[in-house]
J.: 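The structure under discussion is supplied below as structure tokens; questions concerning it will follow.
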Amino acid sequence: MSRLNNANRIVIKIGSSLLVNEDGTINHAFLTGLSDDVAMLTADGKQVVLVSSGSIALGRHQLGFKTGKLRLEESQASAATGQIKLAHAYQDALAKHGLTIAQILLTLDDTEERRRYLNARSTLSTLLAQGVVPIVNENDTVATSEIRYGDNDRLSARVAGMVEADCLIILSDIDGLYADDPRDNPGADHIGEVTEITDKIAAMAGGVGSSYGTGGMRTKIDAAKLATAMGAAVAITSGKVIRPVNALRDGARATWFTASQSPQAARKQWILGTLKANGIVTIDDGAAAALLKGRSLLSAGVNAIEGNFAKGDSVDIINNGTVIARGLIGYDVEDARAIMGLQSEQIADILGYKGRHALIHRDDLVMTDQAQQNERMD
Ligand code: GLU
């Protein structure tokens, strides 16, 4: 309960079966309740991202693909039509609370490939800073099977990591994880809290084919694994009640998965640990001092650039022969070289486009231990 109250940035995942009725119309009772929930959260100063399915379920009825499994191109065509309805429904419902929405359609590459990841991330951060509620879905019209998230559970976990959410709420047609399939065994124990997703927990979700719930409990557990590693606490709870988030806040039954670390620590670890540096940026003492104060790296403080990197790649930052930080660079190597030593205001004239203000944004920078030790010695 307090986990929701303490959260600042919350991603809510909504499955098609909650939002779309069997006959392909919008479930307005659900949507109205959810909008009240979103308004409640934003009134509390929280930022909210919705990851919503429903485009295919809405579109297929409109296109006359009434029953049975759709062919890929039929589901893509359905999504193309349905996504417009989906976005309008959210727009109308949230406008009643004075909230503006934005539509973000992602493909797998947008979260797995770093250049696109940085772009998607900064768009989302800018929207959130403006008080907008982004509505995210997979870009189903272009995503084919090999390059898909496939289910919005996984997408919602990726989005939670990307925006450094501290909470991901997966609204389901079941109120969490049970030790056994509750359809076969009505006495199955409900699991209220999971601190570590062990093989035993994963086994409770059943196999891919034997899963219960819309996207399947299996994909929800996989999503919880991803999101908790990225620093978000995850709740799987029932969306079949009016105002499900309010109910969760009041202690409704759910399975809560504990985050393994803070989103900021997870991101730092990701930048420092899992990525190999593709280049070296040597900076002057003034820039080094600014970095230690938690500021961004501006082009003006750069003396030399080595290596071969693309925008979004990781680079080591060197001052006086010591690696003091690592970061994800906002420019390709040629452009970074062209603007090195220059003031940020000059960038547009030199490159012919208005790029990012900083060479490396402070959110994309991690100081190494060495730099912190040097500072303590000063
Ligand atoms: N992106 C699909 C849609 O909006 C659904 C994916 C899912 O249900 O997980 O219809």
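In what follows, every heavy atom counts, from backbone to side chain, and hydrogens, waters and symmetry copies are set aside. Whatever order the structure lists them in is the order used to number ligands and atoms, beginning at 1.
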J.: Which of these, L50, I56, L86, sits in a side chain to side chain contact (heavy atoms under 4.5 Å, CB included) with N137?
T.: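 Result: among L50, I56, L86, L86 is the only option passing the side chain to side chain contact (heavy atoms under 4.5 Å, CB included) with N137.
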J.: With only distance considered, is D153 within less than 3.5 Å of ligand 1 through an N or O on each side?
T.: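 There is no such contact.
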J.: If I apply the N/O under 3.5 Å rule, does S52 come out as touching ligand 1?
T.: no
J.: Taking both backbone and side-chain atoms of E138, is any N or O found less than 3.5 Å from an N or O belonging to ligand 1?
T.: no
J.: For the 3.5 Å polar cut-off, considering only N or O atoms, please tell me whether N152 and ligand 1 meet it.
T.: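 There is such a contact, yes.
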J.: Quick check: S55 and ligand 1, any N/O pair under 3.5 Å apart?
T.: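 For ligand 1, there is an N or O atom that lies under 3.5 Å from one belonging to S55.
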J.: Short question: side chain of D23, backbone of T25 - any donor-acceptor pair under 3.5 Å?
T.: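 Checked: pair present.
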J.: Salt bridge (Lys or Arg N to Asp or Glu O under 4.0 Å) with R243: which residues, sequence neighbours excluded?
T.: D37
J.: Can you tell me how far CD1 of I283 sits from CD1 of I317, rounded to the nearest 0.5 angstrom?
T.: 6.0 Å
J.: Does the pair N152 and S53 meet the rule for a side chain to side chain donor-acceptor pair (under 3.5 Å), with working shown?
T.: CA-CA 7 Å; N152 278 9; S53 313; 2.8 Å; yes
J.: State if A79 counts as touching ligand 1 under the rule of any non-hydrogen atom under 4.0 Å.
T.: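 Distance cut 4.0 Å: A79 fails for ligand 1.
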J.: What pairs meet the side chain to side chain donor-acceptor pair (under 3.5 Å) rule with one or both residues in residues 188-203, with sequence neighbours excluded?
T.: R3-E193, E193-T258
J.: Within the structure, does I56 bring an N/O atom to less than 3.5 angstrom of an N/O atom in ligand 1?
T.: yes
J.: Any side-chain to backbone donor/acceptor pair from T228 onto F257? Under 3.5 Å, distance only.
T.: no
J.: Just jot down the ligand 1 atoms closer than 4.0 angstrom to any heavy atom of D151, in number order.
T.: 9 (O)
J.: Heavy-atom pairs closer than 4.0 Å: do any link ligand 1 to the side chain of D140, the backbone, both, or neither?
T.: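 Just the side chain.
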